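As structure tokens, the structure follows; a few thoughts come after it.
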Amino acid sequence: MARKMLLLVCHAEDGRFADGDRTAIRAALTDSKCVARVIEVGGGWIEVICVDGGRLTLRAPGLNGRCAFHRMCLFLESETWTAAMLRLVYTLMRAGGFGLVRDLDAPQFLVTQPQQVTYFPWLPEPPLLVRNSRDLGASLGLVV
């Protein structure tokens with residue numbers, strides 16, 4: 001089975017890549033009530049096991065270093081999304097200032113902050129604002 005990959009990307013107001021908030025992302029992974037366990041595998045890879053059994057793998061180059069931290073690849077390791085996984089991804093998006101690309105052919109990013117709607121002037125359609133994890137799930141076409 002091929003793993004489902006989504007991309008979290010951070011942009012500045014002018015649409016250029018920006019660094020995500022490393023401190024907020026680390027805190028979200030450490031303090032989230034959605035997370036049962038975080039395993040740093042090395043090389044920027046992080047395995048996350050959620051409290052409801054959902055599993056994600058993050059590839060977060062730059063999270064623990066000084067190089068650019070513009071993106072995180074998110075791999076779905078569970079058969080389906082769980083409520084805790086959606087809450088965690090929403091929290092990561094909001095904390096780090098990231099927009100979510102559900103696939104490279106999608107005409108819209110998903111964003112969590114109203115000001116981010118204007119950050120992507122080159123997209124065919126403006127980003128879709130999601131206000132909570134339920135909105136995120138619905139935007140991804142999920143029923144959790």
Side-chain angles (χ1 to χ4, degrees), residues 1-104 106-120 123 125-144:
M1 174 178 100
R3 295 189 305 176
K4 174 75 174 163
M5 183 186 94
L6 294 94
L7 187 62
L8 295 162
V9 182
C10 192
H11 283 81
E13 289 181 42
D14 64 1
R16 295 178 192 254
F17 286 112
D19 276 347
D21 187 333
R22 290 175 174 91
T23 303
I25 293 296
R26 283 189 219 111
L29 289 170
T30 302
D31 301 335
S32 174
K33 293 181 183 351
C34 303
V35 176
R37 189 167 177 208
V38 174
I39 305 160
E40 294 205 30
V41 180
W45 288 93
I46 302 165
E47 293 179 21
V48 180
I49 301 167
C50 293
V51 294
D52 59 5
R55 293 183 55 229
L56 299 167
T57 301
L58 293 173
R59 170 78 170 110
L63 176 60
N64 291 323
R66 295 183 187 259
C67 64
F69 180 51
H70 301 324
R71 66 180 165 80
M72 292 189 290
C73 299
L74 185 143
F75 295 92
L76 180 66
E77 302 293 350
S78 301
E79 289 291 321
T80 60
W81 284 88
T82 66
M85 291 165 64
L86 287 169
R87 284 192 309 270
L88 177 62
V89 171
Y90 180 80
T91 300
L92 293 174
M93 290 171 64
R94 186 141 181 92
F98 289 92
L100 179 69
V101 181
R102 56 185 157 206
D103 83 34
L104 295 178
Q108 289 180 306
F109 280 14
L110 304 177
V111 296
T112 60
Q113 299 166 18
Q115 67 270 23
Q116 290 175 307
V117 172
T118 62
Y119 286 11
F120 307 94
L123 288 175
E125 295 180 33
L128 181 62
L129 179 64
V130 294
R131 297 191 184 273
N132 54 46
S133 62
R134 278 196 190 127
D135 282 356
L136 178 60
S139 298
L140 293 172
L142 307 172
V143 178
V144 177

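Here the structure is a predicted model, which is why all the values come from computation and not from measurement. Note that the numbering runs from 1 along the sequence shown for the chain.
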Please check if the side chain of E77 supplies one atom and the backbone of L56 the other of a donor-acceptor pair under 3.5 Å. no
Would you say S32's side chain and L29's backbone share a donor-acceptor pair under 3.5 angstrom? no
What donor-acceptor contacts under 3.5 angstrom involve side-chain atoms of residues 89-102, with partners at least two apart or in another chain?
from	atom 1	to	atom 2	distance (Å)
Y90	OH	R131	O	2.9
T91	OG1	R87	O	2.8
R94	NH1	T112	O	2.9
R102	NH1	S139	O	2.6

Using 0.5 Å steps for rounding, measure from the [atom1] atom of [X] to the [atom2] atom of [Y].
{"X": "L76", "Y": "M5", "atom1": "CG", "atom2": "CE", "answer": "12.5 Å"}
{"X": "L142", "Y": "T80", "atom1": "CG", "atom2": "OG1", "answer": "8.5 Å"}
{"X": "S133", "Y": "L88", "atom1": "OG", "atom2": "CG", "answer": "10.5 Å"}
{"X": "L86", "Y": "C50", "atom1": "CG", "atom2": "SG", "answer": "9.5 Å"}
{"X": "I25", "Y": "L8", "atom1": "CD1", "atom2": "CG", "answer": "7.5 Å"}
{"X": "C10", "Y": "R71", "atom1": "SG", "atom2": "CZ", "answer": "13.0 Å"}

Could you check whether any side-chain heavy atom of P127 comes within less than 4.5 Å of a side-chain heavy atom of Q116, counting everything from C-beta outward? no
Does V117 reach the side chain of V111, with side-chain heavy atoms less than 4.5 Å apart? yes
Acceptor/donor pairs from residues 59-69 side chains to any protein atom, 3.5 angstrom cut, sequence neighbours excluded:
from	atom 1	to	atom 2	distance (Å)
R59	NH1	G43	O	2.4
N64	OD1	R26	NE	3.2
N64	ND2	E40	OE1	3.0

Which atom of [X] lies closest to which atom of [Y], heavy atoms considered:
{"X": "C34", "Y": "A84", "answer": "CB-O, 3.7 Å"}
{"X": "G53", "Y": "S78", "answer": "O-OG, 4.0 Å"}
{"X": "L7", "Y": "C73", "answer": "CD1-SG, 3.8 Å"}

Not counting sequence neighbours, which residues clear side chain to side chain donor-acceptor pair (under 3.5 Å) with E47? List them please. none
Listed by chain and number, what are the side chain to side chain donor-acceptor pair (under 3.5 Å) partners of D52, not counting sequence neighbours? T82
For residues 7-21, which residue pairs pass the salt bridge (charged side-chain N to carboxylate O under 4.0 Å, His left out) check, not counting sequence neighbours? D14-R16, D19-R22
Derivation of the side-chain contact (heavy atoms from CB on, under 4.5 Å) call for L110 and L140: CA-CA 9 Å; L110 304 177; L140 293 172; 4.0 Å; yes
Before giving the answer on side-chain contact (heavy atoms from CB on, under 4.5 Å), spell out for H11 and F17 the whole-Å C-alpha distance, their side-chain angles and the decisive distance to 0.1 Å. CA-CA 4 Å; H11 283 81; F17 286 112; 3.9 Å; yes
